[in-house]
Amino acid sequence: MIDLRLAREHPDLVKASQRARGADESRVDELLATDAARREAVKRADDLRAEQKAASQAVKKATPEERPAVLDRAKALAAQVKQAEEALRAADSALRDAHLRIPNVVAGDVPPGGEDDAVTMRTVGEVPQYDFPVRDHLEIGEALGAIDMERGAKVAGARFYFLTGPGALLEFALAQLAISRAVAAGFTPVVAPALVRPEAMEGTGFLGEHDEEVYRVERDGLYLVGTSEVALAGMRAGEVLDLSAGPLRYAGWSSCFRREAGSYGKDTRGIIRVHWFDKVEMFSFCAPAEAAAEHLRLLAWEEEFLQALELPYRVVDIAAGDLGTSAARKYDIEAWFPSQSTYRELTSTSDCTTFQARRLGIRYRDADGRNQTAATLNGTLCAVARTIACLLEVHQRADGSVSVPKALRPWLGGAEALTPGMDLAGAVPPA
RNA sequence: GGAGGCUUCGCCUAGUCCGGUCUAUGGCGCCGCACUGCUAAUGCGGUUUGGGUUAAUCCCCAUCCCGGGUUCAAAUCCCGGAGCCUCCGCCA
């Protein structure tokens with residue numbers, strides 16, 4: 001939810017944001033109209049309630065002779081209050097609807113345009129050259145005994161997979177590396193629920209336009225999260241945070257589930273686009289004034305992680321029309337996939353400013369002791385499946401083995417490469 | 001899955017049986033003031049969170065886990081839900 005006060009005082013700003021997103025500008029006027037109508041309804045209901053309260057007190061004090069008349073008046077007022085409250089409820093929900101229909105106000109310097117208008121900020125690392133026919137991650141993974149799509153489909157359907165042998169070890173190694181680096185950077189590590197209540201889902205903005213993407217567990221009224229962001233944001237919902245020592249940072253580990261509706265035919269091969277994967281997600285609560293700087297810090301941690309994995313990548317600044325509902329600004333990191341000769345999204349970090357926190361009731365006490373809405377930010381540290389895909393491709397060698405980047409070796413028993421038929425006992429940290 | 005208990009303004013707590021005096025008690029903590037060479041102690045006052053209104057104050061409304069209901073009137077009565085705790089069953 002955007003800041004209502006901003007909409008009242010600077011409707012032009014919000015309208016400009018809507019235009020930049022390619023969204024409907026008239027929604028701002030709808031918001032203001034419903035806001036005015038609600039305030040009117042509030043006043044009417046409050047005034048009537050005050051009157052009725054007084055009338056109700058009078059009933060008690062009335063003499064037996066006065067009583068019937070006083071009681072009649074109280075009853076009449078009660079009926080009016082009931083009506084006014086119904087009108088208020090309607091006005092409230094009209095405002096809420098209009099409010100929810102407006103996505104976050106985009107940051108001022110976000111590139112204009114849509115999906116194809118992301119601006120490349122920098123490209124890091126050399127695009128690798130191979131003097132042998134490049135294989136894609138699935139071919140490599142199958143040869144290694146690391147990925148089993150066929151049996152994944154047998155057990156769970158399309159876009160499911162097994163990570164086996166070195167693939168499974170790679171997942172744990174990546175998890176360890178990601179969590180270790182996050183903790184070293186001051187994050188609190190968290191293992192988060194993957195199944196959440198609707199409020200958490202709604203609060204993070206995933207039940208709006210992305211409703212189709214979400215798995216619902218009908219029987220229990222719960223949802224499978226598409227990212228740990230949902231659980232991490234929900235974790236502090238309704239709380240007043242102490243941000244006096246700076247941002248509150250969590251590194252969450254959880255499985256993520258996505259229906260991938262509307263992506264038929266896209267990335268059908270391998271584990272680049274799957275219904276389920278595990279992820280280490282960074283999440284930060286901070287004062288709104290600090291959000292933009294914090295955003296760059298999250299981006300820097302993402303970059304350092306990819307550098308540690310020795311993966312070439314580029315950083316792109318996502319254009320206004322391609323931002324999610326909650327994001328005021330978003331940077332993606334796209335890593336090089338040799339089999340596709342292109343950069344593909346590996347991580348993504350969003351500054352949601354106060355948009356999520358307002359809906360989730362997450363506040364902090366400012367220097368004057370006033371409660372203010374906090375800002376929330378999130379960023380992928382490591383989406384495991386896709387990272388494995390990228391690692392296998394970039395670090396592949398002519399003989400079908402895959403070299404292990406140095407940073408990952410401690411978590412793989414020092415192994416310098418993954419090779420078909422390798423002895424797995426040599427690829428685990430000391431027991 | 002079954003049975004029972006609990007949830008009150010930062011924390012603890014009174015009030016709930018029997019509806020109005022609850023504009024919610026007291027303690028702790030916190031803030032201000034007074035007293036005092038200083039500190040401590042003491043005294044006095046303040047201290048939930050939202051919304052409406054306002055230049056600001058005042059004021060008004062809501063808020064006793066959440067949502068409904070009964071009633072002129074609900075912390076209090078009724079129904080539904082959530083969370084916590086205990087016990088039984090089951091389970092990794």
Side-chain angles (χ1 to χ4, degrees), chain A residues 1-9 31-100 191-203 207 216-223 230-231 233-245 248 254-255 354-374:
Chain A
M1 280 193 287
I2 65 164
D3 185 358
L4 252 187
R5 216 163 322 164
L6 179 75
R8 282 178 199 153
E9 289 165 16
L31 176 68
L32 293 175
T34 53
D35 177 45
R38 187 199 73 107
R39 278 187 285 173
E40 219 170 284
V42 163
K43 185 156 175 47
R44 190 162 37 240
D46 276 3
D47 290 349
L48 273 170
R49 222 181 276 118
E51 216 180 318
Q52 190 229 5
K53 253 171 97 168
S56 185
Q57 292 297 318
V59 169
K60 188 180 52 141
K61 292 182 198 129
T63 63
E65 304 84 66
E66 302 171 329
R67 206 180 140 81
V70 174
L71 199 60
D72 278 351
R73 180 174 146 70
K75 280 183 185 177
L77 276 166
Q80 284 181 55
V81 166
K82 202 168 182 177
Q83 250 182 356
E85 279 178 345
E86 245 160 67
L88 176 57
R89 257 196 297 277
D92 267 335
S93 87
L95 172 61
R96 189 181 156 76
D97 288 349
H99 206 169
L100 289 180
V191 178
L195 212 49
V196 300
R197 295 169 174 282
E199 300 89 86
M201 216 62 183
E202 236 159 47
L207 290 189
R216 213 190 326 257
V217 181
E218 205 74 60
R219 188 181 164 125
D220 298 285
L222 296 172
Y223 294 86
V230 176
M235 184 163 77
R236 307 302 301 265
E239 299 186 30
V240 177
L241 308 176
D242 180 6
L243 297 179
S244 58
L248 231 48
S254 88
S255 292
T354 57
F355 189 84
Q356 290 181 330
R358 186 164 293 108
R359 224 189 290 188
L360 289 167
I362 301 170
R363 294 170 298 171
Y364 73 103
R365 219 173 286 283
D366 69 15
D368 301 326
R370 293 176 169 280
N371 290 335
Q372 306 279 4
T373 302

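Protein chains get the first letters and strands the later ones, always in sequence-line order, with residue 1 at the start of each.
Across all strands shown, C91(B) forms no Watson-Crick or G-U wobble pair with both key distances under 3.5 Å. Base pairing analysis places A73(B) opposite nothing; no Watson-Crick or G-U wobble pair with both distances below 3.5 Å involves it. Pair check for A40(B) finds none; no Watson-Crick or G-U wobble contact set falls under 3.5 Å. With both pairing distances under 3.5 Å, U21(B) is matched to nothing as a Watson-Crick or G-U wobble pair. Here C11(B) sits opposite G27(B) as a Watson-Crick or G-U wobble pair (both hydrogen-bonding atom distances under 3.5 Å). In a base pair of the Watson-Crick type (N1 to N3 plus N6-O4 or O6-N4) or a G-U wobble (N1-O2 and O6-N3), with each distance short of 3.5 Å, G80(B) is matched with C66(B). With a cut-off of 3.5 Å on both pairing distances, the Watson-Crick or G-U wobble partner of G4(B) is C85(B).
Using a 4.0 Å cut-off, no side-chain N or O of Arg49(A) falls inside it from OP1 or OP2 of G52(B). Phosphate contact (OP1/OP2 of A62(B), side-chain N/O of Lys53(A), threshold under 4.0 Å): present. Between C72(B) and Gln52(A), no contact under 4.0 Å exists linking OP1 or OP2 to a side-chain N or O.
Nearest approach of Gly221(A) to Pro198(A), heavy atoms of both residues: O-CD, 3.2 Å. Contact between Glu199(A) and Leu360(A) at its shortest, heavy atoms only, is O-CD2, 4.0 Å. Between Ala357(A) and Ala374(A) the shortest heavy-atom distance is CB-O, 3.2 Å. The two atoms that bring Tyr223(A) and Arg216(A) nearest to each other are CE2-CG, 3.3 Å, heavy atoms only.
The CD atom of Gln356(A) sits 12.5 Å away from the OG1 atom of Thr373(A) when rounded to the nearest 0.5 Å. Here the straight-line distance linking atom CG of Leu195(A) with atom CE of Met201(A) works out to 10.0 Å at 0.5 Å rounding.
Both Ala55(A) and Arg89(A) lie close to RNA chain B; mapped to their nearest nucleotides by heavy-atom distance, the more 5′-ward contact belongs to Arg89(A). A residue-by-residue look at Glu85(A) and Leu71(A) shows that Glu85(A) has its nearest nucleotide of RNA chain B further toward the 5' end.
Leu4(A) has its side chain within reach of Leu95(A): a pair of non-hydrogen atoms, C-beta onward, lies under 4.5 Å apart. Looking at heavy atoms from C-beta onward, Arg67(A) lies in side-chain contact with Val59(A) at the 4.5 angstrom threshold.
At a threshold of 4.0 angstrom between heavy atoms, the contacts of Arg44(A) with the nucleic acid are absent. When heavy atoms are screened at a 4.0 angstrom cut-off, Asp47(A) is found touching no nucleic acid atom at all. Among the protein residues, Val42(A) comes within range of the sugar-phosphate backbone only, with heavy atoms under 4.0 Å from sugar or phosphate atoms but none that close to a base.
Nucleotides C72(B) and G81(B) are separated by 29 Å at their C1' atoms, to the nearest Å. Between C77(B) and U16(B), the two P atoms lie 9 Å apart (nearest whole Å). Comparing the P positions of A73(B) and G20(B) gives a spacing of 14 Å, expressed to the nearest Å. Going from the P atom of A82(B) to that of G67(B) covers 15 Å, rounded to whole Å. Using C1' as the reference atom, U76(B) and C17(B) are 10 Å apart when rounded to the nearest Å. Distance check on atom C1': C65(B) versus U54(B) gives 34 Å, rounded to whole Å. To the nearest whole angstrom, the two C1' atoms, one in C11(B) and one in G5(B), are 22 Å apart. For G27(B) and C88(B), the C1' atoms lie 39 Å apart once the distance is rounded to whole Å.
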Determine all donor-acceptor pairs shorter than 3.5 Å in which one atom belongs to a side chain in residues 69-92 of chain A; sequence neighbours excluded.
| residue | atom | partner | partner atom | Å |
| --- | --- | --- | --- | --- |
| Glu85(A) | OE2 | Arg49(A) | NE | 2.8 |
| Glu85(A) | OE2 | Arg49(A) | NH2 | 3.2 |

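Rounded to whole Å, atom P of A73(B) lies 13 Å from atom CG of Asp72(A). The interatomic distance linking Arg365(A) (CZ) with C31(B) (C1') rounds to 13 Å, in whole Å. Protein atom CD of Glu51(A) is 18 Å distant from nucleotide atom C1' of A62(B), rounded to whole Å. In this structure, CG of Asp92(A) is placed 10 Å from P of G52(B), rounded to the nearest angstrom. For the pair Glu86(A) CD and G67(B) P, the interatomic distance rounds to 17 Å; values are reported in whole Å. As a whole-Å value, the separation of Glu40(A) CD from G51(B) C1' is 16 Å. Following rounding to the nearest Å, Asn371(A) (CG) and G50(B) (P) show an atom-to-atom distance of 5 Å. Distance, Arg39(A) CZ to A62(B) P: 20 Å, rounded to whole Å.
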Checklist entry - Is there a side chain to side chain contact (heavy atoms under 4.5 Å, CB included) between Tyr364(A) and Asn371(A) once you walk through the steps? => result CA-CA 5 Å; Tyr364(A) 73 103; Asn371(A) 290 335; over 6 Å; no

Nucleotide N/O of nucleotides 76-82 of chain B paired with protein N/O under 3.5 Å:
| residue | atom | partner | partner atom | Å |
| --- | --- | --- | --- | --- |
| A82(B) | O3' | Arg197(A) | NH2 | 2.4 |

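Side-chain atoms of His99(A) do not come within 3.5 Å of backbone N or O of Leu31(A) as any donor-acceptor pair.
RNA chain B is contacted by Ala74(A), Lys75(A), Ala78(A) of residues 73-80 of chain A, taking any non-hydrogen atom closer than 4.0 Å.
When the nucleotides G20(B), C60(B), U70(B) are ranked by their closest atom to the side chain of Lys60(A), G20(B) comes out on top. When distances run from any side-chain atom of Ser56(A) to the nucleotides C72(B), G52(B), C61(B), the shortest one goes to C72(B).
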